[in-house]
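Take a look at the structure set out below.
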2 protein chains.
Amino acid sequence: MTSSTRSTQPRRRSDATRAAILRAARERFAADGYERATIRAIAADAQIDPSMVMRYYGSKEGLFAAAAEFDLRLPDLTSVPPARLGEVLVKHFLARWEGDETLVALLRAASTNPGAAERMRGIFADQLTGAVATFGADPTLTARRAGLVASQILGLAFTRYIVRLPPMVDTTPDELVSWVAPTLQRYLTGTPPS
Amino acid sequence: MTSSTRSTQPRRRSDATRAAILRAARERFAADGYERATIRAIAADAQIDPSMVMRYYGSKEGLFAAAAEFDLRLPDLTSVPPARLGEVLVKHFLARWEGDETLVALLRAASTNPGAAERMRGIFADQLTGAVATFGADPTLTARRAGLVASQILGLAFTRYIVRLPPMVDTTPDELVSWVAPTLQRYLTGTPPS
DNA sequence: GACCGTTGCCAACACATGTTGGCAAACACT
DNA sequence: AGTGTTTGCCAACATGTGTTGGCAACGGTC
């Protein structure tokens, strides 16, 4: 993180400010949602002037687009035993966003901001469906399987991180995994109901 | 709906206006979320002056509180064969909010409005847990079962009505029921994982 | 018909928001 | 040292927000 990760770019002097803005933006968007997270509050958190946000990210929409850049980083599912797909997926998701508030920000914003909803759709329609499509031929059935997986995964995130339902907050990740894994397993590889 | 349902109240002349406001508020809150749904827009939809909203509901928070009044109307689960509990529950939920946008309004608002999240918690912690608690003794296990059910139910609603994931929107309610029912069934009556 | 509470609208306030333009200091480069 | 670019801040604008007070018209009651 300290040294340069990519030397093709000219490495501007304002990179630290840009990063501070982005970090504050993710925090605020995750905590308050799109409309309640004001540019002034984000700028205050990053300890810079609100106009800097505009210069570096163009608009609030632009800032959100940059802050909500997100990759599911799904592992290669072809090398996973088919019977353990559900378990691998839940574990991955829980670990993935337990330490990264980007998805929480996206989740909160998706409820009210059309652009965020669009991005959410893209992530779960493209990335997840793509990973699921490695097995199974029927495309509509594949999409439906992916959609069902998304419904349980997002429901888990929604009740645990957004609404904060007490039983969903108190339960340990391991315990959640063992409850939810069979669900995803059936959605992924189970025989379709009549 | 046309005649008086309760004659103990004095039946004011402004009841029609009150109802129009409430209906418009539910629509706007469901479509736009709490912050984007402005009192002016709601008043315009109801074809009255914005100040009327304040007079009859006190504040925007008060209006939302009135508009988001919601009862799950869970059926009596003791008279349902235990093996069909999952199916009955999904069917009930889908039917319940497919024709009533109150829950969609509450769902959208719960992402950004603390009061709405609190109410959501109350609904699913009290009403659902209460209905589930009719069988099983261990209270924490009961709460966990209810939480898991809520996660799948709310995930279903979130992906279908809020994010509008194409596969979740296109699938018919009947098909969703046959996919999701076994999940709830296991959450409710399945043996806990080790 | 006089009176009083109710219903409704208009205009305005106080405030917060996203956004913009200008200006001083710091820097990079010759 | 001198010059052009970058970084940052200040002040302000335009707009939209929830909210309030006053005032006319209406409806029922004596």
Side-chain angles (χ1 to χ4, degrees), chain A residues 4 7-29 31-68 105 108-109 112-116, chain B residues 4 7 9-29 31-68 105 108-109 111-116:
Chain A
S4 74
S7 55
T8 60
Q9 305 287 7
R11 287 287 301 289
R12 278 158 305 196
R13 185 160 40 99
S14 60
D15 282 352
T17 304
R18 287 183 148 87
I21 294 174
L22 221 51
R23 187 156 42 86
R26 268 191 265 263
E27 268 183 40
R28 283 283 178 178
F29 282 135
D32 301 340
Y34 182 80
E35 8 274 337
R36 285 176 117 98
T38 73
I39 289 197
R40 280 175 168 85
I42 292 170
D45 286 359
Q47 296 184 341
I48 45 91
D49 191 87
S51 61
M52 296 282 91
V53 179
M54 305 304 297
R55 181 174 298 174
Y56 292 140
Y57 294 96
S59 68
K60 189 181 182 180
E61 283 279 351
L63 172 64
F64 178 79
R108 266 234 168 74
T112 55
N113 186 275
Chain B
S4 74
S7 54
Q9 304 289 7
R11 285 290 299 289
R12 279 158 304 196
R13 183 162 42 98
S14 61
D15 282 352
T17 304
R18 287 184 148 85
I21 294 175
L22 220 51
R23 187 156 41 85
R26 268 191 265 262
E27 270 183 38
R28 283 283 178 177
F29 282 135
D32 301 340
Y34 182 81
E35 9 273 337
R36 285 176 116 98
T38 72
I39 289 197
R40 281 174 169 85
I42 292 170
D45 287 359
Q47 295 183 342
I48 45 91
D49 191 85
S51 61
M52 295 282 91
V53 179
M54 305 303 298
R55 181 174 301 178
Y56 291 140
Y57 294 97
S59 67
K60 189 181 182 182
E61 283 280 349
L63 172 63
F64 178 79
R108 265 232 168 75
S111 291
T112 55
N113 188 274

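The analysis underlying the following values was restricted to heavy atoms, covering all of them including side chains, and did not include hydrogens, waters or symmetry mates. In the text below, chain A, chain B and the rest are named by the order of the sequence lines, each starting its count at 1.
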Given the rule in the side chain to side chain contact (heavy atoms under 4.5 Å, CB included) test, do B:Thr38 and B:Lys60 qualify, once you have shown the distances and angles that lead to the verdict? CA-CA 9 Å; B:Thr38 72; B:Lys60 189 181 182 182; 5.7 Å; no

Please report, rounded to the nearest Å, how far the [atom2] atom of [N] is from the [atom1] atom of [X].
X	N	atom1	atom2	value
A:Asp32	C:dT17	CG	P	11 Å
B:Met54	C:dC9	CE	P	16 Å
A:Arg28	C:dT17	CZ	P	10 Å
B:Glu35	C:dG18	CD	P	12 Å
A:Asp15	D:dT6	CG	P	13 Å
A:Phe64	C:dT17	CZ	C1'	18 Å
B:Arg36	D:dT15	CZ	C1'	16 Å

Closest approach of B:Ala105 to B:Phe64 (non-hydrogen atoms, all atoms of both residues):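 Shortest heavy-atom contact: O-CE1, 4.4 Å.
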
Search all heavy atoms of B:Ile48 against all heavy atoms of B:Thr17 and return the closest pair with its distance. CG2-CG2, 3.9 Å

B:Glu35 meets the salt bridge (Lys or Arg N to Asp or Glu O under 4.0 Å) criterion, sequence neighbours left out, with A:Arg36

A:Ile39 side chain near A:Met54 side chain, heavy-atom distance below 4.5 Å: yes

Side-chain contact, heavy-atom cut-off 4.5 Å: B:Asn113 with B:Glu61? yes

What is the bend of the helix from C:dG1-D:dC30 to C:dT30-D:dA1 when you compare the axis at one end with the axis at the other, using five pairs each and rounding to 10°?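 The value is 0°.
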
Anything under 3.5 Å between a donor and an acceptor, one on a side chain of residues 18-27 of chain B, the other on a protein residue two or more places apart or in another chain? List them.
unit_1	atom_1	unit_2	atom_2	d
B:Arg18	NH1	B:Ser14	OG	2.6
B:Arg26	NH1	B:Ala67	O	3.0

At under 4.0 Å between heavy atoms, what does A:Tyr56 touch on the DNA or RNA strands: base, sugar-phosphate, or nothing?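 If one applies the 4.0 Å heavy-atom cut-off, A:Tyr56 turns out to touch the sugar-phosphate alone, with no base involved.
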
Distance (rounded to the nearest 0.5 Å) between A:Phe29 CZ and A:Leu63 CG: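 That separation rounds to 4.5 Å.
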
Scan residues 16-27 of chain B against DNA chain D and write down, sorted by residue number, each residue with any heavy atom closer than 4.0 Å; if none is found, say none.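 Contacting residues: none.
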
Sorted by number, residues from residues 39-52 of chain B placing a heavy atom under 4.0 Å from DNA chain C are B:Arg40, B:Ile48, B:Asp49, B:Ser51, B:Met52

Which of the following nucleotides, D:dT17, C:dT7, C:dG22, is nearest to the side chain of A:Arg55? C:dG22

side-chain hydrogen bond (donor to acceptor under 3.5 Å, both in side chains) pairs, two or more places apart, involving residues 44-58 of chain B: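 Listed once each, the pairs are B:Arg28-B:Asp45, B:Asp49-B:Ser51.
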
